[in-house]
Amino acid sequence: MTRSICIIDCNNFFCSCERIFRPELKNKPVIVMSNNDGCAVARSNEVKDLGIKMGAPMFKIKDLVQRHNIHVFSSNFALYQDISCRVQNALRDFIPNIEIYSIDECFFDLTDFLPPEAVTDYAHTIQKNILNWVGMPTSIGIAPTKTLAKIANHIAKEQPSFKYVCNLSDPQTRQRYIKHFPIENIWGIGQRSAHKLRLRGIGTAAELAQMPLKRARQLGSVVLERLVMELNGIACITLNTQPDHKQSITVSRSFGQPVYTKNDLEASLIHHCLRAAEKLRHQKLAVKHLLLYVRSHKHHTTLKKHHYHYEFPVATDDSLQFITHVKQATKNLFQPGIRYAKSGVVLTGLLLKKDVMNDLFIENKTSHHLMQALDQINKKFGAETITSASVPHNNRWRMRQDKKSPRYTTHLDELPTAQA
DNA sequence: TCTGGGGTCCTAGGACCC
DNA sequence: TCTGGGGTCCTAGGACCC
């Protein structure tokens, strides 16, 4: 039976979030920048029309920004995450089982919910209501597999006649559209694979769909083989509405300005560890493996050691245990005279806190109540209200974020004000 | 001068064991 | 001294996504 797999995707998500609270920016060019205001990570349609590419560095587009009076925002993830939850909750009113694929996309399956001929109308209803309730414009793609639904979604945005909903369930319609769909735009085909395929004369989704499975596997392993099947309407990538817990947690940042001292490096790592531990506790997980790393400025090759690994004898979620290792790591890694550009922490070997095996012979040093109190206070009064006394007081490594909008929906002192 | 951050999955290759 | 192969587990790195 042909399934009605749907993907809903917020249009220019970060830009649209900013516009919800600045309605005067509708139809005006808007850009949202990456951390440190380094490059463009979201562009409104007006900006795309100016030819500014995804990831374009600020210093290269400064002139265009001025000339066209583009509104630039630093990224405001507290706001985006909250709007994302609102969109998801609105969507659940229409279909309870959704797969949250990213901050601005969800998959869902309408097969057992509606007859195929009713699906397109329902998608329009969902779309209209999310726009009314949350203020977020969206696009919806519908097809028998996730890969084809992503293609439909792409077409829904590009071709105005679809009004942001494209249904490729019908094989003839589908054939007509994938004939002209470039492989670069297929979900799962990156630059490398696209180049490889083009060299072999394959340039469109339809051409890739024709590839024999054996050949696909040989060329791009099981990943490409699956993709070819998906293009032919055979579902290989299943919907996952009950995801497992995370496999890894990362906190890393490029510095707002170059860092040369051990203290600054240590301060940044401690900060990242505290954030990572917070995330860990929030997801009710504990970690076995800790990785701390530093990066020097590009082309700086005299840096010998970048990584510090540690395996906890008993999985933990205790911020204070991490900090001990930061001291050790900085001692190991720091080299004077290096211009450091970035640091980070990666937690892997994650398991549910309730499944942690204690070791009889190791004293359990985790201070649950302390950590609980820490999280509650910081949640209520703002990040880093309470932190460890060993966190050095200095901000040299922090991000540049000059154009950040208020966190309208998550911080009481940043609420929007209505004018009478 | 200035180019993000947080994820997932897959493969190859090394270490080790029998 | 030289001689095998199969299995597992782990890690680093690649490719990709948003």
Side-chain angles (χ1 to χ4, degrees), chain A residues 7-15 17 31-43 52-63 65 72-77 80-81 84 99-107 146-147 150 153-154 183-197 217-227 236-238 240 243-258 268 272 275-276 279-280 283 288-289 291 293 295 297-299 306-307 309 311 339 341-350 398-402:
Chain A
I7 179 148
I8 183 163
D9 170 303
C10 301
N11 300 341
N12 314 325
F13 181 59
F14 297 169
C15 291
C17 287
I31 286 184
V32 175
M33 305 301 291
S34 64
N35 285 327
N36 279 319
D37 296 340
C39 56
V41 290
R43 304 153 297 151
I52 293 179
K53 295 269 180 281
M54 175 69 176
M58 193 55 189
F59 73 93
K60 273 194 187 164
I61 56 175
K62 226 152 92 195
D63 289 347
V65 166
V72 178
F73 290 93
S74 302
S75 39
N76 183 348
F77 278 94
Y80 308 152
Q81 190 54 66
S84 172
E99 174 185 339
I100 299 165
Y101 175 66
S102 77
I103 196 164
D104 74 327
E105 285 169 278
C106 293
F107 284 104
K146 280 182 164 184
T147 307
K150 288 283 278 184
N153 186 268
H154 210 281
I183 46 166
E184 285 77 11
N185 294 343
I186 301 174
W187 185 48
I189 299 288
Q191 259 189 341
R192 296 300 271 266
S193 311
H195 183 69
K196 216 151 92 175
L197 289 167
R217 175 176 281 256
Q218 175 205 353
L219 208 64
S221 80
V222 288
V223 182
L224 191 64
E225 186 182 2
R226 270 202 297 250
L227 204 151
C236 302
I237 309 170
T238 52
N240 186 6
D244 296 335
H245 68 74
K246 285 223 179 353
Q247 303 299 303
S248 69
I249 289 175
T250 307
V251 177
S252 67
R253 288 285 180 283
S254 298
F255 300 135
Q257 50 183 298
S268 72
H272 299 339
R275 281 283 306 124
K279 285 190 189 181
L280 200 60
Q283 296 170 40
K288 275 297 274 182
H289 192 95
L291 163 66
Y293 71 87
R295 290 266 181 283
H297 195 257
K298 256 188 221 154
H299 311 308
H306 309 87
H307 298 98
H309 288 278
E311 192 84 27
R339 181 181 173 190
K342 182 178 181 177
S343 72
V345 44
V346 183
L347 310 180
T348 52
L350 303 183
R398 282 179 190 272
M399 298 191 277
R400 284 189 305 262
Q401 285 203 312
D402 302 331

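The chains referred to below are lettered A, B, ... by the order of the sequence lines, with proteins before strands, and numbering in each begins at 1.
Among the protein residues, A:K196 comes within range of no part of the nucleic acid, since none of its heavy atoms lies under 4.0 Å from any strand. A:K53 comes within contact range of no nucleotide atom at all, as no heavy-atom separation falls under 4.0 Å.
One finds no side-chain N or O of A:K62 lying less than 4.0 angstrom from the OP1 or OP2 phosphate oxygen of B:dT3. The shortest distance between the side-chain N/O atoms of A:S254 and the OP1/OP2 oxygens of B:dT3 is not below 4.0 Å. For the OP1/OP2 pair of B:dC9 and a distance below 4.0 Å, the side-chain nitrogens and oxygens of A:R226 include no atom meeting the criterion. Applying the 4.0 Å criterion to OP1 and OP2 of B:dG7, one finds that A:T250 has a side-chain N or O inside that range. In this structure, A:S248 does not reach the B:dG6 phosphate: none of its side-chain N or O atoms is under 4.0 Å from OP1 or OP2.
In this entry the distance linking CG of A:L347 with C1' of B:dG5 reads 15 Å, nearest Å. For the pair A:L291 CG and C:dC10 P, the computed distance is 17 Å after rounding to whole Å. Taking atom CD on A:Q401 and atom C1' on B:dG5, their separation rounds to 12 Å, with Å as the unit. In this entry the distance linking CZ of A:F77 with C1' of B:dG4 reads 8 Å, nearest Å. Distance, A:L280 CG to B:dG7 C1': 16 Å, rounded to whole Å.
Remark: of the listed residues A:L350, A:T348, A:L347, A:T348 is the sole one forming a side-chain contact (heavy atoms from CB on, under 4.5 Å) with A:H289.
Between the side chain of A:S75 and the main chain of A:M33, a donor-acceptor pair closer than 3.5 Å is present. Side chain of A:S84 to backbone of A:I103: a donor-acceptor contact under 3.5 angstrom is found. Between the side chain of A:S34 and the backbone N or O of A:C39 there is at least one donor-acceptor pair closer than 3.5 Å.
Map A:P57 and A:I249 each onto its nearest nucleotide of DNA chain B; the residue landing nearer the 5' end is A:P57. In terms of position along DNA chain B, the nucleotide closest to A:M54 lies nearer the 5' end than the nucleotide closest to the other residue of the pair A:V222 and A:M54.
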Report task. Toss me the dot-bracket line for DNA chain B: Watson-Crick and G-U wobble, both under 3.5 Å, 5' to 3', using | for pairs to another strand and [ ] for crossers. Result -> ....||||||||||||||
Report task. Mark up nucleotides 11-18 of chain C, 5' to 3', with B wherever a protein heavy atom is under 4.0 angstrom from a base atom, S wherever such an atom reaches only the sugar-phosphate, and - elsewhere. Result -> -S--SSSS
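Candidate nucleotides B:dG6, B:dC2, B:dT3 were compared by shortest atom distance to the side chain of A:K60, and B:dT3 ranks first.
Nucleotides B:dT3 and C:dC17, compared at atom P, are 24 Å apart to the nearest Å.
A cation-pi arrangement is present between A:K146 and A:F107 under the rule of less than 6.0 angstrom and at most 45 degrees off the ring axis.
A:D37 and A:S74 share a donor-acceptor pair across their side chains, judged by distance under 3.5 Å alone. With 3.5 Å as the limit, one finds no donor-acceptor pair spanning the side chains of A:H272 and A:S252.
Side-chain contact check for A:L291 versus A:V345: every heavy-atom pair is 4.5 Å or farther apart.
Classification of the A:H309-A:H307 ring pair by plane angle, with boundaries at 30° and 60°, yields parallel.
Within 6.0 Å of CD on A:Q191 lie no more than 12 heavy atoms contributed by other residues, nucleotides or ligands.
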